[in-house]
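The next block holds one structure in the form of structure tokens; read it before the comments.
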There are 2 protein chains.
Amino acid sequence: MAKAYDVMAPTCPSRVVLHRIGARWTVFVVTALADRPLRFTELKKHIEGITAKVLTETLRALEYDGLVARVDKGGHPPYVEYRLTPLGRSLLEPLSAVREWAETHVPQVERANRAYDERG
Amino acid sequence: MAKAYDVMAPTCPSRVVLHRIGARWTVFVVTALADRPLRFTELKKHIEGITAKVLTETLRALEYDGLVARVDKGGHPPYVEYRLTPLGRSLLEPLSAVREWAETHVPQVERANRAYDERG
DNA sequence: CTGTATCCCAAGTGATACTG
DNA sequence: CAGTATCACTTGGGATACAG
């Protein structure tokens with residue numbers, strides 16, 4: 001029996017999903033929420049360099065896809081926390097593997113870049 | 001001792017690497033080359049919907065980063081094949097995990113989308 | 001604190017046509 | 001077969017200011 005979904009097929013919905021989870025900041029947010037829920041500002045501090053606008057967009061997208069839950073606890077000042085859903089948690093391992101690959105293979109990639117440049 | 005590289009740091013080179021391997025078509029090319037080397041046209045046929053221009057750009061980027069080797073065997077008509085390097089092969093497992101997650105979780109994501117829409 | 005609202009820009013992508 | 005060359009276009013992303 002054939003696979004139900006195949007990213008190699010141009011109209012397969014899995015391409016949409018793959019594109020979503022491959023969005024620039026997804027891996028950062030999911031990684032940051034791995035251990036515990038975080039509030040908006042905590043997330044922003046954790047993911048250095050992200051702007052409020054982009055963080056908001058990323059969180060909305062993840063919420064839309066059911067990867068992150070937004071929990072509004074109300075009060076003044078507002079208290080909102082974000083946590084991984086079970087679905088989001090299931091993505092943690094694959095994404096962490098990619099993130100770790102990036103962190104551990106910087107030297108090899110840089111070496112390859114230099115080699116390529118020297119060859120012309 | 002602290003990690004040598006940390007994607008959460010805004011200037012860390014691992015962010016560049018992560019961005020590169022997160023490029024739209026990287027996962028497709030790496031996946032396609034998992035089992036055997038492929039020629040340009042074979043790759044293009046395999047990854048349905050990719051254009052020659054984008055495939056070329058993706059292959060050049062992967063070559064630059066040392067993930068893919070371009071082997072020109074000459075002749076007429078030209079015979080060029082692309083194969084994963086050991087470095088590229090080491091990326092295969094992480095990327096396949098992400099691709100498989102996308103392929104297996106389409107229903108859950110679609111359900112979350114509907115739920116979100118119904119809530120408003 | 002938790003966001004929105006604008007505006008702007010560069011990069012990425014895609015369609016099409018062409019070449020060695 | 002294995003690409004290049006253009007061009008048009010969209011989208012994502014960043015800066016900044018503001019609001020409930």
Side-chain angles (χ1 to χ4, degrees), chain A residues 7-11 15-29 32-33 36-65 68-83 116 120, chain B residues 7-11 15-29 32-33 36-65 68-83 116 120:
Chain A
V7 294
M8 295 303 178
T11 62
R15 279 212 180 168
V16 178
V17 173
L18 183 59
H19 189 232
R20 297 247 190 87
I21 66 181
R24 184 138 197 197
W25 296 98
T26 295
V27 57
F28 294 89
V29 172
L33 294 178
R36 63 255 172 267
L38 289 176
R39 302 173 67 179
F40 187 87
T41 304
E42 291 171 334
L43 269 170
K44 191 167 177 319
K45 198 174 307 175
H46 210 86
I47 307 168
E48 302 176 55
I50 196 172
T51 64
K53 180 199 167 209
V54 171
L55 179 55
T56 300
E57 289 168 351
T58 304
L59 286 168
R60 291 291 169 279
L62 293 176
E63 205 191 341
Y64 183 67
D65 288 342
V68 163
R70 178 182 185 275
V71 183
D72 187 342
K73 307 201 168 184
H76 295 277
Y79 193 106
V80 177
E81 74 177 26
Y82 294 91
R83 52 171 65 248
Y116 188 100
Chain B
V7 293
M8 295 302 179
T11 62
R15 280 211 179 169
V16 178
V17 174
L18 184 58
H19 190 232
R20 297 249 188 87
I21 65 181
R24 183 137 198 198
W25 296 98
T26 295
V27 58
F28 294 89
V29 172
L33 295 177
R36 63 256 171 265
L38 289 176
R39 303 172 67 176
F40 188 87
T41 304
E42 291 171 334
L43 269 170
K44 191 166 177 318
K45 198 172 310 175
H46 210 85
I47 308 169
E48 302 176 54
I50 196 172
T51 64
K53 182 198 164 211
V54 171
L55 178 55
T56 300
E57 288 167 352
T58 304
L59 286 168
R60 290 291 169 278
L62 293 176
E63 205 191 341
Y64 183 68
D65 288 342
V68 162
R70 177 182 186 276
V71 183
D72 187 341
K73 306 200 168 184
H76 296 277
Y79 193 107
V80 178
E81 74 176 24
Y82 294 92
R83 51 172 67 247
Y116 188 99

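Here is the naming used below: chain letters follow the sequence lines, and residue numbers restart at 1 for every chain. Not measured: the values here are computed from a predicted model.
- The phosphate of D:dA2 has neither OP1 nor OP2 within less than 4.0 Å of any side-chain N or O from B:Arg70.
- Looking at which nucleotide of DNA chain D each of A:Ala52 and A:His19 is closest to, the 5′-most match is held by A:His19.
- Between B:Leu55 atom CG and D:dC1 atom P there is a gap of 14 Å when expressed in whole angstrom units.
- Atom pair A:Leu43:CG and C:dG3:P shows a separation of 10 Å (rounding to whole Å applied).
- When each of D:dC1, C:dG14, C:dG3 is scored by its nearest atom to the side-chain atoms of B:Val54, the top-ranked nucleotide is C:dG14.
- With distances taken from any side-chain atom of B:Thr51 to the nucleotides D:dG3, D:dG13, C:dG14, the minimum falls on C:dG14.
- With rounding to whole Å, A:Glu57 atom CD is found 14 Å from C:dC7 atom C1'.
- Side-chain nitrogen and oxygen atoms of B:Arg39 include none within less than 4.0 Å of the OP1 or OP2 phosphate oxygen of D:dC1.
- Of the candidates D:dA15, D:dG3, C:dG14, the closest approach to any side-chain atom of B:Lys53 belongs to C:dG14.
- In this pair, B:Tyr82 and B:Phe40 present their aromatic rings tilted. The plane angle is within the 30 to 60° band.
- At least one side-chain nitrogen or oxygen of B:Thr41 sits closer than 4.0 Å to the OP1 or OP2 atom of D:dA2.
- The distance from atom OH of A:Tyr79 to atom P of C:dG3 is 13 Å, rounded to the nearest whole Å.
- Checking the phosphate oxygens (OP1, OP2) of D:dT4, a side-chain nitrogen or oxygen of B:Arg60 falls inside 4.0 Å.
- Rounded to whole Å, atom C1' of C:dG12 lies 9 Å from atom CZ of B:Arg24.
- At least one side-chain nitrogen or oxygen of A:Tyr82 sits closer than 4.0 Å to the OP1 or OP2 atom of C:dG3.
- Counting to the nearest Å, the C1' atom of C:dC1 and the NE2 atom of A:His46 are 19 Å from each other.
- One atom, NE2 of A:His76, and another, P of C:dG3, lie 14 Å apart when rounded to the nearest Å.
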